[in-house]
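Report on one structure; see the data block that follows.
In this text, all values refer to a predicted model and were calculated from it rather than measured experimentally. Numbers restart at 1 for each chain; the letters A, B, ... are given by sequence-line order, proteins then strands.
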Amino acid sequence: MKKSLLALAVLGAFAGAASAQSSVTVYGIVDTGIGSVDINNGGERTTGLTSGAQSPSRIGFKGTEDLGGGLKANFQLEAGFNSDNGGSAASNQIFNRVATVGLSGAFGKVDLGRQTTILKDAHDQIDPFGGSGSIGNIARIFYNGGVATNGAAVGDRVSNTIKYQTNSYSGFKAGAAYTFGEQEGDNGAQRQYGVGLGYANGPLNVQFAYNNVNADTATGGVVTPVGEAKIAFIGATYNFGAFKLHGAYADGKFESNAGGTDVKYRNGLIGVSLPLGPGSLAASYAINDNRTFDDADSQQVAIQYSYDLSKRTNLYAGYARTNNDIGAALGGSQLGSLNVTNASVGGGQDVSIIAVGIRHKF
Amino acid sequence: MKKSLLALAVLGAFAGAASAQSSVTVYGIVDTGIGSVDINNGGERTTGLTSGAQSPSRIGFKGTEDLGGGLKANFQLEAGFNSDNGGSAASNQIFNRVATVGLSGAFGKVDLGRQTTILKDAHDQIDPFGGSGSIGNIARIFYNGGVATNGAAVGDRVSNTIKYQTNSYSGFKAGAAYTFGEQEGDNGAQRQYGVGLGYANGPLNVQFAYNNVNADTATGGVVTPVGEAKIAFIGATYNFGAFKLHGAYADGKFESNAGGTDVKYRNGLIGVSLPLGPGSLAASYAINDNRTFDDADSQQVAIQYSYDLSKRTNLYAGYARTNNDIGAALGGSQLGSLNVTNASVGGGQDVSIIAVGIRHKF
Amino acid sequence: MKKSLLALAVLGAFAGAASAQSSVTVYGIVDTGIGSVDINNGGERTTGLTSGAQSPSRIGFKGTEDLGGGLKANFQLEAGFNSDNGGSAASNQIFNRVATVGLSGAFGKVDLGRQTTILKDAHDQIDPFGGSGSIGNIARIFYNGGVATNGAAVGDRVSNTIKYQTNSYSGFKAGAAYTFGEQEGDNGAQRQYGVGLGYANGPLNVQFAYNNVNADTATGGVVTPVGEAKIAFIGATYNFGAFKLHGAYADGKFESNAGGTDVKYRNGLIGVSLPLGPGSLAASYAINDNRTFDDADSQQVAIQYSYDLSKRTNLYAGYARTNNDIGAALGGSQLGSLNVTNASVGGGQDVSIIAVGIRHKF
């Protein structure tokens, strides 16, 4: 009798804790390393502490509520920060990574707010580096470094977005997203949309995505024509057991609406990832091929070894190098992770970073 | 034996969790919808994602410590944010909604820091929309939209404030608050105070509040005279069972200290709220009557239906419209919830917003 | 049978909560009081709400993961804020107090990121006021108020820093830290380092620390010479039982690299702390002696009583006064805690603050 009373007391004592716990989870990643960057082969290396070499540092709050009948309400709020200096990742935008609320169930999942693009969802599954971190992420060189000429941003993350994703049917999964432009007087200006289709089953994972950005702006009903950025991406991984092969191709085009030249890009990636000793190795080679202008291509090689101390904590060592033709200047985000004062990559300059660090998930 | 050991082990394992849990609770609201705003009847509607149409999105941390003898220490830290884009609600002010610490007990409750005014506490109990959210909150049109002419802000929330509230005695409850101006050389400049008295018992709720703002400023001991804003508010709700009737009246006056004209306002609200089907309906009509200048009145109608998916999650649909005389320009915060770039309400322009969304509490 | 099943159900129900709880703890301090400051003896006092008079208000997230074999992974993220107005303590730097990740074990403890200097670690153990709070902290007057002439900041907290601390061996403990300058083209510019050694055993605590800042800057490889700030600190406390005696001495020197005058400082502190009635009393007298220029000394007296309501909550009353020679202007952070608009301390002006408040730890 006493025993069950005790157990009941336990139940009672934790009833509050349990319900509170179920409504919100605090989670995050702190990834800090020692990094050394070199711009243009020759100059002295700048060495310092780096944030997010393997995975961007972040802290978040999320929760799921069971509404019954398989329906769930979900929310997620995620803030990026620089773990080397405690700095905010974005000015006056606390939840710069994710701010969503939505429903999921038999119909799939719909989320409203700030979130990843369908395009990023696809390449994150294909990139040997998981599409994040400053060492080797695919998006730094793909799509001309994430920003098409003339200002049409092709960001990883977008605000004011409704995203719908299906559940998985025999490995097939599709998604679509629409980003409101919210320019007064022209609902098309600054709008963005994306669609995706994937197949992940057994050793094979194939991902297709298309992203379209209208770069026009509108103020007080007056539209300033800029252009349209269109990107198509296809990638696949195949797990041979001993290693996984990664390959991706993307085709990008910026169509000027303002009488300028249309610019075309072509991107390719080949990579490999494998378990190795007590950890894992990832490597990739990627190219941004400017098809409109000569001498404006960029290439990137990246390699990283991750040594697991636990499921939540690992050490890593990585190296990445971006080579730019005279008309290209990609790779700056490698510097940004180190927050080097006043440093930037100029046309034709090459950038390399070597980093060793620790990544802790909580 | 083994059973009780097991139970003891459970007790032990969670002792730390339980005490930690009791000291801080993470809570919040994510309210995101699709909204469409129209300025001045004629122009194209701007449609996008909106934050806080029903309730401002927020995340907070709070806790209560039992000090014994009925005395409690309380703290609350609450940050507003825009759930459509992850943006901070205020620049360089993380806990822009609430930042308080204080004591409560038999003597009542005293809180120090940033918090709601006594005035807001009163109208939040009377407003069918609960005094928050961009659809129909009372404060957007009352008190000339929260800001008296000549710059005397009559904000919902104030910093540097001591607030005292009594406990409830047979339904009666009173409160008083003082906001320090913190201007060097004149402790009266920028000070604010409020007093309130309420009676909530059975179907009846009556709330009275008075708020007084000194709008003068002081720098290095030199005072710049501006004026004083005085507001008296009385409101009541009566629950007839099938529906609840809401009514409020406010009288505002801005007295110039700088030789300008004194300006008087008069506000009225009539509203209704009722359970309807699986949710609830709220509607209100409010007026800002400028008694000093002609053709400077504003009117607002608002209606909202809330459909409960659970106690914590609901869908909603709402509509609000503000009509301005040529000398008035209220209703801008309806636009703000959508974060439309470069949009503002001009004199005589009318504003309407329609929104459907989801609100999730955690 | 039923009883053990119940206990098992308890175990099961809380398994998730327990593991989540163990990975992150939310903690903080809210310290808000009523303060009154007076600049230069004569003017009217400015009275208002003050944040952090006893301890700076903060909120943090931390956790420890047991990696096995005595090895642990640790992280800590801590944000300062002003509890009187909800304001952020630093612009665009959310975790302005601490942002670290690291490992600890038999080898000691290593942390990467933003954290306290070795110098601050030492004086926080010696200062009767714990080295924090606006009433009486040692660093406001030591080291010429934390900033050597010509801009070589000697901050309490530094970014981009690796800190190593040994475990305690018979009371002996040592530490070393290196702060990367991260200036492009000169890895020495803006670098900082510190070493420390302490002995804490029984009634005696002795702390020694040395801090060295290179104040040069570099942009695009071009170095601007500024100077070097060197500080040596030694302090001790001895607990006589009825009271604890505190004493500290520091020697500071700013060596110009730009042809300017070298400036030398000498600091001394004598203090006492003791349990008194239901709380505790702390008092200190400190001096900043400018050895290079005449009439540029400052003195500070501070006294504070803390009345405990519980282990986590206390009330306090404190007084501090800084007297400046005509060539000195220290003590401004006393004003800052009150956030008085446009107030600052000029040369030769004296500053005093009196504050009563409540501090709640969660």
Side-chain angles (χ1 to χ4, degrees), chain B residues 2-4 6-7 9-10 13-14 16-17 20-21 23-24 26 61-63 65-68 71 73-79 90-103 111-114 157-162 179-187 190 217-221, chain C residues 1 3-4 6-8 10-11 14 17-18 20-22 25-34 36-37 39 43-51 57 59 79 81-92 94 309-310 312-313 315 335 338-343 357-362:
Chain B
K2 245 186 164 176
K3 293 163 201 168
S4 68
L6 182 60
V10 176
F14 293 101
Q21 193 65 39
S23 73
V24 56
V26 182
F61 306 87
K62 64 182 174 184
E65 184 195 10
D66 194 333
L67 300 170
L71 196 63
N74 313 293
F75 83 94
Q76 186 174 7
L77 304 168
E78 192 174 291
S91 177
N92 289 325
Q93 189 183 31
I94 185 163
F95 298 119
N96 66 308
R97 290 178 57 89
V98 185
T100 55
V101 62
L103 298 171
D111 288 299
L112 280 69
R114 182 168 177 81
R157 296 163 190 281
V158 277
S159 297
N160 302 310
T161 296
I162 302 179
T179 300
F180 290 99
E182 301 193 358
Q183 306 284 298
E184 194 194 355
D186 183 358
N187 282 309
Q190 292 285 310
T217 58
T219 302
Chain C
M1 191 61 181
K3 293 162 200 170
S4 67
L6 183 61
L8 276 168
V10 176
L11 264 181
F14 293 100
Q21 193 63 40
S22 71
T25 300
V26 182
Y27 69 95
I29 293 178
V30 188
D31 176 343
T32 312
I34 301 172
S36 180
V37 295
I39 307 179
E44 195 184 347
R45 303 192 75 85
T46 305
T47 303
L49 235 51
T50 174
S51 172
S57 297
I59 185 167
F81 66 92
N82 300 318
S83 58
D84 52 350
N85 61 16
S88 309
S91 177
N92 289 325
I94 185 160
L309 296 173
S310 75
R312 288 169 44 205
T313 306
L315 306 177
L335 300 169
L338 199 68
N339 299 308
V340 181
T341 311
N342 294 319
I358 179 170
R359 181 182 66 172
H360 176 69
K361 301 177 181 177
F362 60 90

Intermediate values then yes/no, side-chain contact (heavy atoms from CB on, under 4.5 Å), C:Ile34 and B:Phe180:
CA-CA 10 Å; C:Ile34 301 172; B:Phe180 290 99; 4.1 Å; yes

Given a strict heavy-atom distance threshold of 4.5 Å, which part of [X] is in contact with chain C: side chain, backbone, both, or neither?
| X | result |
| --- | --- |
| B:Thr161 | backbone |
| B:Asp186 | backbone |
| B:Thr100 | backbone |

Please confirm whether the backbone N or O of [Y] pairs with a side-chain atom of [X], one donor and one acceptor, at under 3.5 Å?
| X | Y | value |
| --- | --- | --- |
| C:Ser88 | C:Ala90 | no |
| C:Arg312 | C:Lys361 | yes |
| B:Gln183 | B:Ala218 | yes |

Quick one: of C:Leu309, C:Thr47, C:Ile358, who has the most non-hydrogen atom pairs under 4.5 Å with chain B?
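Counting heavy-atom pairs under 4.5 Å, the top option is C:Thr47.
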
Pairwise distance CZ(C:Phe362) to CG(B:Asn74) - rounded to 0.5 angstrom
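So the CZ of C:Phe362 and the CG of B:Asn74 are separated by 13.0 Å.
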
Cut-off 4.5 Å, heavy atoms of chain B, and the answer for C:Thr32 is both

Interface residue of largest heavy-atom contact number with chain C, from B:Ile94, B:Val158, B:Val98, B:Thr217, under 4.5 Å:
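Answer, by heavy-atom pair count under 4.5 Å with chain C: B:Ile94.
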
Shorter than 4.5 Å, heavy atoms on both sides: which option in B:Asn96, B:Leu103, B:Leu71 has the most such pairs with chain C?
B:Leu103

Between C:Thr313 and B:Glu65, is the side-chain hydrogen bond (donor to acceptor under 3.5 Å, both in side chains) condition met? List the steps.
CA-CA 8 Å; C:Thr313 306; B:Glu65 184 195 10; 2.4 Å; yes

